[in-house]
Amino acid sequence: ETELNYRLKWLFNTSVAGDIYAEAKGYFREAGLKVNVREGSPEKNAINELELGHSDFGVASADQVIRALDKGAKIIVLAQLFQVSPMQWIYRTDQPQIKTLEDLKGRNIGITFGGNDETVMNTLFAKAGITKKDVKIFGVRFDFTPFFKREVDVWPVYFNSQGVILKDKLEKEGEKVYFFNPADFGVNFVANSVITSEKTWKNRPDMVKKFTAALLKGWEAAMEPSNEADVLMEIKKKDKESNDELRRLQLIATRELIKPLASIKIGTIDTDAWKQTETIMLDEKQIKKPVHVETMLKN
Amino acid sequence: MRLECYNLNYTYPDSEVPVIRDLSFSMETPGFNAVFGPSGVGKTSLAKLIAGMEPGFSGKIITTGIDTILYSYNLERLPGWSGTGNHLDKVTPDGKQQLKDRLISIFELKNILESRFSKLSMGQQNRINLVRYLLQDFDLLIMDESLANVDEKLRETIILSIKDLFPAKMFLYISHNLMEVSGLCRDVLVFGKPSGNKGCSIIGGRDYTKGYQPDKETLDRTMLEIMNAI
Amino acid sequence: MRLECYNLNYTYPDSEVPVIRDLSFSMETPGFNAVFGPSGVGKTSLAKLIAGMEPGFSGKIITTGIDTILYSYNLERLPGWSGTGNHLDKVTPDGKQQLKDRLISIFELKNILESRFSKLSMGQQNRINLVRYLLQDFDLLIMDESLANVDEKLRETIILSIKDLFPAKMFLYISHNLMEVSGLCRDVLVFGKPSGNKGCSIIGGRDYTKGYQPDKETLDRTMLEIMNAI
Amino acid sequence: MLFRRIYQFLIVYFIGLIFLLLIKAVLSLSDYVIPGVGLITETFGQVLNTYFFDVMNTMSVTVLGQCISIAMAFGVGIAGRKSSWMGSFIKVTAYNIQAYPIVALAPIIFILLGDGFISRLLIASMICYFPLLLSVLGIMATPVEDIEHFYIITGRMRWQLEVKIRAFENLSKITTVISGSATLAMAGTIVAEFIAANAGIGYSIRVALYQSDLAKILVALFMIGIIISIYQGCLETLGEQIKTRWSVSKGGNTI
Amino acid sequence: MLFRRIYQFLIVYFIGLIFLLLIKAVLSLSDYVIPGVGLITETFGQVLNTYFFDVMNTMSVTVLGQCISIAMAFGVGIAGRKSSWMGSFIKVTAYNIQAYPIVALAPIIFILLGDGFISRLLIASMICYFPLLLSVLGIMATPVEDIEHFYIITGRMRWQLEVKIRAFENLSKITTVISGSATLAMAGTIVAEFIAANAGIGYSIRVALYQSDLAKILVALFMIGIIISIYQGCLETLGEQIKTRWSVSKGGNTI
Ligand SMILES: Nc1ncnc2c1ncn2[C@@H]1O[C@H](COP(=O)(O)OP(=O)(O)OP(=O)(O)O)[C@@H](O)[C@H]1O
Ligand SMILES: Nc1ncnc2c1ncn2[C@@H]1O[C@H](COP(=O)(O)OP(=O)(O)OP(=O)(O)O)[C@@H](O)[C@H]1O
Ligand SMILES: [Mg+2]
Ligand SMILES: [Mg+2]
């Protein structure tokens with residue numbers, strides 16, 4: 001049995017259902033692997049850990065991967081978990097719905113400076129010819145008070161985690177919400193994907209295959225509606241903080257992003273979306289030169 | 001007006017041996033009186049009891065007509081942020097300006113009023129400290145070795161002037177100088193050696209005043225009397 | 001072996017008036033010598049110059065045959081974390097155990113070796129502090145009012161014993177007690193009043209030793225001589 | 001003493017809470033901005049238990065972190081007490097590292113030490129040690145001349161003795177700072193957990209923040225407050241005892 | 001003095017940098033994990049200017065925050081110096097608030113004060129004041145009996161005088177803590193910016209952190225270090241002058 005470490009991008013919650021489930025249901029063990037699934041944060045990122053040898057596999061968003069490639073890191077993308085990016089914006093329904101990008105004009109929009117929502121929003125602005133004068137930008141931090149207090153209209157959230165929580169909170173006060181999804185306007189910014197270092201990929205192809213297969217099997221099972229109760233129970237063991245109902249709603253939301261259509265196999269890498277992501281980042285001067293990310297995508 | 005102590009007993013909180021054992025005495029006020037005795041015998045302790053600085057003694061201290069008791073000692077310091085003259089001004093009550101100037105000249109402090117306390121010699125520190133006490137309102141001033149580091153000649157001048165300037169006040173002067181105590185003080189409370197069985201007794205001093213003519217013989221007798229009481 | 005000073009001048013860094021002006025004197029060692037003079041005249045300052053604690057003077061201090069100079073004064077404290085006896089043990093060099101016991105008994109310190117320093121009376125503090133200096137290796141020990149708060153009788157006993165125990169060492173005893181200085185010391189460096197024009201002079205003391213018979217007349221003459229030099 | 005600390009904390013806490021609720025009422029804010037009494041009570045019941053164990057978990061790191069901080073503060077303070085080149089160099093190093101917010105150093109720490117217990121401990125101690133250091137430096141750099149003179153002039157002064165003398169003379173200042181720094185160690189540990197750990201109350205606060213659940217944060221603050229009060233009460237009692245043991249009151253020597 | 005501080009900082013910084021580069025070389029890490037010399041130099045050129053103004057922006061809050069902290073520390077320290085019920089209550093309040101990590105309090109602060117300049121200032125002062133408080137408390141709670149005796153027995157003691165006496169006797173400790181706390185004010189401001197602001201070096205660090213751009217963080221650390229060194233050098237010089245003015249050396253009284 002090989003022991004290895006798997007670094008997530010963020011805390012344990014429903015949006016890593018598959019990762020939790022694969023471990024809990026023993027899919028890794030069946031493949032002869034003992035996997036330590038670990039939580040991540042902005043300060044603890046998977047790419048660093050891969051290079052330092054602290055982890056063998058990890059989850060990173062496409063922008064992280066592309067940035068790392070730009071700086072000479074050797075990263076291989078094994079699977080793309082989110083087919084639809086969870087990076088979206090929430091707003092109340094008492095405001096006009098955003099049907100075209102033009103509708104963004106005049107709004108007070110929240111952006112995490114330095115975050116990839118900034119990149120995405122800038123791309124949308126560029127696409128629609130919106131300048132900074134047409135909108136009001138608000139720098140977002142981790143707490144939601146400005147949105148709650150209506151100081152900001154459009155607030156960036158992760159659709160399947162915070163999005164669900166906020167929706168629930170507002171609904172309790174009788175307020176309904178919309179989500180603004182950049183993908184609907186042609187901007188496909190790839191989010192979380194499974195990665196490993198080039199070295200591991202080359203030297204231990206067997207293990208990589210086994211790991212990827214077991215992980216995706218976990219995700220398939222976790223996204224299977226008939227397993228819902230079981231999946232929720234496993235998540236609850238790791239994420240005690242939120243309540244059962246929230247977790248159920250989050251799982252449903254996660255399903256929409258991971259497996260938007262029954263026909264899509266979980267983990268499918270959307271090469272075009274990756275290329276678009278790279279192009280966007282190049283345009284936004286986030287990287288200096290093309291990195292040809294498509295050559296690192298190994299499904 | 002008397003200062004009276006009856007059956008005074010005192011033991012320090014964290015100690016076992018009593019420092020003061022069954023002490024009774026009585027002194028008439030006003031007057032310049034002394035406490036005398038070997039080192040470590042309990043003079044300072046008694047002074048603090050009288051000044052009300054140590055509670056928890058048994059026995060009685062009666063101070064009829066003595067309302068304000070001040071205790072001064074030779075290790076006190078003045079704050080350092082300005083000259084000693086300035087501090088003196090600050091604590092001089094209204095109407096005592098003249099007294100202050102008088103004392104400054106008697107205590108020979110004119111030249112050091114500009115200096116910070118920490119820059120003074122030990123005797124200078126003693127003197128400036130005592131002056132500020134003399135400027136306060138008091139009925140009884142305890143001077144616990146307050147002039148210990150001053151030269152004998154100046155010390156005598158100072159004591160005689162104090163007696164002259166404050167005839168209506170009571171003083172308790174703690175000193176190790178036998179001659180001074182015998183010659184200049186009225187009542188001398190003498191502490192016997194703790195090892196001996198002499199106890200305490202009050203012996204009359206010569207109580208000289210300004211311009212006195214020392215009478216060697218009686219002075220010697222008083223000194224002997226005091227030494228014998230120890 | 002002599003202690004010699006030539007044309008010593010010293011002014012404190014932040015002061016304008018010199019404390020020591022053109023001082024020259026010479027003392028033979030060994031011996032129990034004294035420095036005497038009115039308060040504020042510069043005795044402590046001179047002592048610190050000799051002990052090498054204040055740089056920046058002009059003139060010469062020659063200490064032939066005097067290698068180790070210690071300066072002790074009456075306001076020193078011992079650390080508070082254990083009894084004074086314990087601290088004494090810590091600083092007693094090997095081979096001086098007997099001397100230590102001897103001194104403890106002469107200084108009447110037996111009963112207070114268990115006590116913390118801060119719980120002692122002033123005279124007790126003076127004595128325990130001086131004892132530890134006497135236990136060190138030194139050629140010249142300066143005692144700046146080191147016994148100021150000890151009673152006269154015990155002080156005399158102590159000084160006579162020191163003279164007896166350390167005949168080969170030099171002492172510089174700073175004190176305000178005229179009788180003591182005149183009777184017990186050999187050479188007395190007398191500082192004249194700064195206002196006067198007497199300057200400094202060395203006057204021979206009676207240099208009594210243990211078991212002396214006081215000779216009133218010569219002692220009085222010495223005392224007068226010293227007083228006249230001020 | 002301990003009891004007093006606890007009920008005083010309760011007073012403080014409830015005053016704060018009432019203040020928040022007043023604001024909620026006056027501005028008629030909804031439950032998602034400031035939770036109401038009902039929601040707080042409900043949350044209380046739900047997470048009190050979990051949070052209690054979280055805080056105890058945090059406490060274990062806190063205590064260790066505080067010990068390390070004390071050691072570090074004394075180490076650096078003693079080394080940096082001289083006004084020599086080396087002393088000043090040590091001070092410059094200590095000060096500069098402190099000026100860097102831990103969030104900026106965290107990535108470097110994780111690169112060097114991984115993200116285990118050690119990093120968490122290091123971050124906690126780094127936050128806690130500096131205030132201690134300042135006090136220790138101040139104390140260690142001030143001579144106690146009337147005690148030190150003897151040892152200096154007789155050539156017996158060693159740095160250990162110097163440190164001991166100065167520490168003893170300032171014992172009450174040192175115990176104040178040490179027992180006070182418990183709160184800093186606590187805050188430090190929580191921050192460390194916030195950015196590094198997957199356990200402890202700091203981690204729970206991060207999760208609650210992510211969920212924008214102010215009610216949970218209020219419960220967490222309650223648990224932290226009550227436990228830190230108890231811990232500090234104990235430290236103070238201990239401090240008093242040490243002072244009495246090592247014999248206190250340098251004052252009293254004459255008065 | 002000032003000059004010494006600066007070059008000592010440079011030494012510290014470059015030792016740290018070389019250490020990182022060594023790790024990079026030994027483990028052959030990519031520029032993403034630890035940037036190489038080339039990348040660092042390049043980033044240096046790009047952002048030095050911006051970061052300089054960012055740090056100056058931060059400094060302006062720092063200075064103000066430090067002043068407020070000093071005022072707060074003395075206020076609370078003086079009020080809490082007595083061992084009375086009120087004194088202990090004030091201490092409990094101060095200590096408890098401190099035990100709360102600022103990240104947990106931040107949401108409440110933002111609700112109450114919005115997220116403008118005031119919040120940023122408050123957070124900075126809260127982080128900076130506590131260590132000051134501990135020292136001030138320690139100093140203010142320790143009587144200076146040989147000076148205070150006269151004023152007490154003659155009934156002249158006022159709290160202002162008591163505070164003045166104790167402060168003066170501990171002047172060098174106080175100046176050490178105050179000039180040392182500049183780094184805390186800086187760190188506090190940066191943390192405040194990190195969580196709250198859209199300006200200042202803390203904000204820039206957050207952006208760099210989101211982009212995992214260690215090179216930028218290293219430049220930021222450089223700028224912070226150099227400017228805090230200068231600031232502290234100035235404070236120390238000022239402290240020396242105040243000490244000389246107010247006449248120093250309580251020691252010297254006899255030795
Ligand atoms: N705070 C204290 N705790 C315990 N014992 C003490 C304390 N203060 C003094 N003593 C002891 O009580 C005794 C009397 O002390 P006190 O200071 O009254 O003596 P004194 O007569 O003033 O002596 P001196 O002339 O040396 O000043 C001494 O043996 C001393 O050790
Ligand atoms: N550190 C100092 N700075 C400036 N002046 C000082 C300093 N120390 C002492 N002096 C001054 O120098 C003069 C001599 O002081 P010194 O302490 O030598 O006197 P002394 O002869 O020892 O007096 P005493 O018998 O009172 O102890 C005094 O007028 C004093 O004010
Ligand atoms: Mg006494
Ligand atoms: Mg002197």
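Just so it is clear: chains get the letters A, B, ... in the order the sequence lines come, proteins before strands, and each one is counted from 1.
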Residue of the set B:Asn149, B:Asn74, B:Thr44, B:Ile174 for which side-chain contact (heavy atoms from CB on, under 4.5 Å) holds with C:Asn149: B:Asn74

By ring pair (Phe, Tyr, Trp, His ring centres under 6.0 Å), C:Tyr133 pairs with (sequence neighbours left out) D:Phe150

Take atom CE in B:Met179; do more than 12 heavy atoms of anything else shown fall under 6.0 Å from it? no

Pairs in or reaching into residues 173-190 of chain C: which pass side-chain hydrogen bond (donor to acceptor under 3.5 Å, both in side chains), with residues at least two apart or in two chains? C:Glu145-C:His176, C:Glu152-C:Asn177, C:Arg155-C:Glu180, C:Tyr173-C:Glu180, C:Ser175-C:Glu180

Working to the nearest 0.5 angstrom, can you tell me the gap between C:Lys193 NZ and B:Asp151 CG? 7.5 Å

When you compare the side chain of C:Lys119 with that of B:Asp14, does any pair of heavy atoms fall below 4.5 Å? yes

Just so I know, are the side chains of B:Leu75 and C:Met122 near enough to count as touching, which here means a heavy-atom distance under 4.5 Å? yes

Side chain, backbone, both or neither: which part of C:Asp144 has a non-hydrogen atom closer than 4.5 Å to chain B? both

What part of C:Lys43 gets within 4.5 angstrom of chain B, counting heavy atoms only: side chain, backbone, both, or neither? neither

May I ask you to list the residues in residues 213-230 of chain B that approach chain C closer than 4.5 angstrom, counting heavy atoms only, ordered by number? B:Lys216, B:Asp220, B:Met227

Chain C contact residues among residues 34-41 of chain B, heavy-atom distance under 4.5 Å: B:Gly37, B:Pro38, B:Ser39, B:Gly40

